[in-house]
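Bear in mind that the values here come from a model prediction, so they are computed numbers and not experimental data. In what follows, chains are A, B, ... by sequence order, proteins preceding strands, each numbered from 1.
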There are 2 protein chains.
Amino acid sequence: MKRSLEHIVDKEGTETLANFAKALGHPTRIAILKHLENQSCCYTGDLVEIFPLAQSTVSQHLKELKNAGLIQGELRPPKIKYCINQEKWSIAKSLFQQFFD
Amino acid sequence: MKRSLEHIVDKEGTETLANFAKALGHPTRIAILKHLENQSCCYTGDLVEIFPLAQSTVSQHLKELKNAGLIQGELRPPKIKYCINQEKWSIAKSLFQQFFD
DNA sequence: AATACCAATCGTACATTTACGATAAGAAAT
DNA sequence: ATTTCTTATCGTAAATGTACGATTGGTATT
């Protein structure tokens, strides 16, 4: 790999990793993801009952996780079912893995 | 393990993990750590030359990494040598590892 | 003791994050 | 069409994060 290209790739990887880390940088969001790992899926309302937070706050955290690509929402009227986005999840996993050696 | 204790431990683990993630949640801090992984150690001045940031800004990022426990500084007058804190590093590593399964 | 060097800290400005209550939006069921 | 249920979005306030220049602090060296 060319040296210049190396730098670009590394820069991208760094930014991507920082982005994932930022999304994981709040206890509530970690807890949501842990819950999704156990349950595989859940509805917004479930989380609102679990956490001592307003519904709007939980929704906001879900939005950030969705923006980071770590979860995805599926319409299950009148609810919305959230699951981990396995594709992005494994990307994040390997980025953290290789970061920590 | 008792159920109640389980919750406490999990809660702590969640918070610790979120804390590490937060420290990793900025491209500059990821880049600093990547650099430290390569070099094993470096001085503040080295980083100031690498990054297009003010000395005070770099220092601030170093402080956050130090607060998170991921790095440690050692007096090498008139410089300060920074290294990865291997102990905390491996704690962070295993927390992320088990988080991602 | 005075100087020089390097890095931390201070003060500050601006942007982002986090939380809340209130309101709007979407899809089904009546 | 209206109502109901669930969740997203809006508006807002307080806290935190990020960046800078200027200043301070700490450690040798002269």
Q) Do A:L53 and A:T28 have side chains that get closer than 4.5 Å, going by heavy atoms? A)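 In short, these two side chains touch, coming nearer than 4.5 Å.
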
Q) Do A:L47 and A:L62 have side chains that get closer than 4.5 Å, going by heavy atoms? A) yes

Table please: side-chain donor-acceptor pairs of residues 94-101 of chain A below 3.5 Å, with sequence neighbours left out.
residue: A:S94; atom: OG; partner: A:S90; partner atom: O; Å: 3.3
residue: A:S94; atom: OG; partner: A:I91; partner atom: O; Å: 3.0

Q | Side-chain N,O (B:H26) to OP1/OP2 (D:dA19) below 4.0 Å | A |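 Answer yes for this pair, as a side-chain N or O of B:H26 is under 4.0 Å from OP1 or OP2.
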
Measure from [atom1] on [X] to [atom2] on [N] and round the result to the nearest Å.
{"X": "A:L75", "N": "C:dA28", "atom1": "CG", "atom2": "P", "result": "8 Å"}
{"X": "B:K63", "N": "C:dT9", "atom1": "NZ", "atom2": "C1'", "result": "7 Å"}
{"X": "B:Q60", "N": "D:dA22", "atom1": "CD", "atom2": "P", "result": "16 Å"}
{"X": "A:F51", "N": "C:dT18", "atom1": "CZ", "atom2": "P", "result": "14 Å"}
{"X": "B:H61", "N": "D:dT18", "atom1": "NE2", "atom2": "P", "result": "6 Å"}
{"X": "A:N67", "N": "C:dT16", "atom1": "CG", "atom2": "C1'", "result": "14 Å"}
{"X": "B:N19", "N": "C:dT17", "atom1": "CG", "atom2": "P", "result": "17 Å"}

**Q.** Selected nucleotide, minimal atom distance to B:R29 side chain, candidates D:dC20, D:dT18, D:dA28
**A.**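 Nearest to the side-chain atoms of B:R29, counting from C-beta on, is D:dT18.
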
Q.
According to salt bridge (charged side-chain N to carboxylate O under 4.0 Å, His left out), who are the partners of A:K66, at least two apart in sequence or on a separate chain?
A.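 Expected list: none.
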
With sugar-phosphate meaning primed atoms plus P, OP1 and OP2, does [X] contact a base, only sugar-phosphate, or nothing at under 4.0 Å between heavy atoms?
{"X": "B:E64", "answer": "sugar-phosphate"}
{"X": "A:K81", "answer": "nothing"}
{"X": "B:R76", "answer": "nothing"}

Using atom types as modelled, flag every donor-acceptor pair under 3.5 Å from a side chain in residues 29-46 of chain A to any protein atom, sequence neighbours excluded.
residue: A:R29; atom: NE; partner: A:A23; partner atom: O; Å: 2.7
residue: A:R29; atom: NH1; partner: A:H61; partner atom: ND1; Å: 2.9
residue: A:R29; atom: NH1; partner: A:E64; partner atom: OE2; Å: 3.4
residue: A:K34; atom: NZ; partner: B:D10; partner atom: OD1; Å: 3.4
residue: A:K34; atom: NZ; partner: B:T14; partner atom: OG1; Å: 3.1
residue: A:D46; atom: OD2; partner: A:Y43; partner atom: N; Å: 3.1

Q) Under the side-chain hydrogen bond (donor to acceptor under 3.5 Å, both in side chains) test, which residues partner A:Q60, sequence neighbours left out? A) none

Please tabulate, for the side chains in residues 68-83 of chain B, all donor-acceptor contacts under 3.5 angstrom to protein atoms that are two or more places apart in sequence or on a different chain.
residue: B:E74; atom: OE2; partner: B:R76; partner atom: NH2; Å: 2.9

Q: At under 4.0 Å between heavy atoms, which parts of nucleotides 1-8 of chain D does protein reach? Answer with one letter per nucleotide, 5' to 3': B base, S sugar-phosphate only, - none.
A: ----BSBB

